[in-house]
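All values below come from the heavy atoms of this structure, side chains included, with hydrogens, waters and symmetry mates left out. When a ligand or atom number is given, it counts from 1 through the structure's own listing order.
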Amino acid sequence: MMRKPTILVTRRMPPAVEARLKRDYDARLNPDDRIYSSEELIAKAAGADGMLICSSDKITPEVVAHLPESVKIIATFSVGYEHIDVMACEARGVIATNTPGVLTDATADIAFLLILAAARRAYEAQTMLRQGQWTGWHTTMLLGIDLAGKRLGIFGMGRIGQAVARRALGFGMEIHYHNRSRLPQELEAGATYHPTLESLLQVSDVLSINAPSTPETRNILNAERIALLPDGAIVVNTARGDMVDDAALIGALRSGKLRAAGLDVFAGEPNLNKEYLSLPNAYLLPHIGSATIETRDRMGFTALDNLDAVLLHGRPAPNRLW
Ligand code: 8YV
């Protein structure tokens, strides 16, 4: 019988994913879920045919250069792939893959949770109640804003941006977006295209960041661009924290330029800028956009479909990055 290919699995996986890994591969699992250093990644990959990684693993050009020859494919358990130097992989002939499509709805749901929480002051309300400070109802207690009739600006109109737009239509919002290229009319579904981010910001009562993190988008929401937003706007981010200049966002939340923010992602996770913690108008989540039972299984299975194609079936990976 042919030997099972060996996979280095850098993080603990959902049980159903580990079961499939064990069935089809000689899987080097990480039951303690400790994050490996670059040196450990390289050492543990010795003799492995493939790697199943997460966004917490940094696949730098140095790591790629030192990976054993045996590694043919690196499958990341994520749609984002800013942690992988795809060019370095390409140069060495290592296939890199991601998991697009399967976490669209879960992430769009969290974007909406953040929009609602920010608009309706959910953190302040929850805190008041839990701290025993709710002394009774009155007409001006904890007033938020309506979403119906407000303009939602979506920066990055890929799968997740479009799923946020679909939800927003149900809430009676008007959709605007900026994307590298304009969508075909049927996908636009009545949304207004802005050829520049600056133009989008000027009409965004609520801004939702759904773009990928790239060298071009890093720190893109800086003080000058925040100043373009309407006074009292809301900023929501479910994509990557490094697209936001934290000091500028915190300043705008303090000054009242912005009404509120909802953030699921942060620069330098999990070590977010501590100043966010003292802001009552910041609704903060620990990167749970894709954290549902069904979605995490689908992410693992999609990563496995990529590994299977290359290592079990000798076929092209369905979600190859180059
Ligand atoms: C994951 C994500 O939680 O898919 C992504 O890009 O950010 C999240 O779904 C995480 O990155 C898992 O590796």
- Answer yes if the side chains of Q162 and R166 hold a donor-acceptor pair under 3.5 Å, and no otherwise. no
- Message: Against ligand 1, does M299 come closer than 4.0 Å with any heavy atom?
- Response: yes
- side-chain contact (heavy atoms from CB on, under 4.5 Å) partner of L258, chosen from I234, D231, I226: I226
- Would you mind listing which atoms of ligand 1 come within a distance below 4.0 Å of any non-hydrogen atom of S78? 4 (O), 5 (C), 6 (O), 11 (O), 13 (O)
- Message: Taking OH in Y25 as the centre, count heavy atoms belonging to other residues, nucleotides or ligands within less than 6.0 Å. Is the count above 12?
- Response: yes
- Salt bridge D57-R11, side-chain N to carboxylate O under 4.0 Å: no
- Message: Using a strict threshold of under 4.0 Å (side-chain N to carboxylate O), is an ion pair present between E188 and R182?
- Response: yes
- Message: Is there a polar contact between ligand 1 and R296, counting only N or O atoms under 3.5 Å apart?
- Response: yes
- Item | Test of proximity, G80 against ligand 1: N or O pairs below 3.5 Å | yes
- Element-labelled atoms of ligand 1 that are located less than 4.0 Å from some non-hydrogen atom of C54: 13 (O)
- Item | Contact partition for L103 relative to ligand 1, non-hydrogen atoms under 4.0 Å | side chain
- Interfacing atoms of ligand 1 (cut-off 4.0 Å, heavy-atom, V79): 4 (O), 5 (C), 6 (O)
- Task: Please could you name the atoms of ligand 1 that F77 approaches to less than 4.0 Å, counting only its heavy atoms?
- Result: 12 (C), 13 (O)
- Message: Could you identify the single nearest non-hydrogen protein atom to atom 1 (C) of ligand 1 and state the distance to 0.1 Å?
- Response: S290 OG, 3.7 Å
- Query: With a 4.0 Å cut-off on heavy atoms, does E82 reach ligand 1?
  - Reply: no
- Message: Please list the nearest protein heavy atom to atom 11 (O) of ligand 1 with its residue and the distance rounded to 0.1 Å.
- Response: S55 OG, 2.2 Å
- Message: Less than 3.5 Å apart, any donor N or O on the side chain of N306 or N319 sitting next to an acceptor on the other?
- Response: yes
- Query: Mind checking whether L67 and I7 sit in one hydrophobic cluster, side chains of I, L, V, M, F, W, Y counted as touching below 4.5 Å?
  - Reply: no
- Query: Are a donor atom and an acceptor atom from the side chains of Y177 and N210 found within less than 3.5 Å of each other?
  - Reply: no
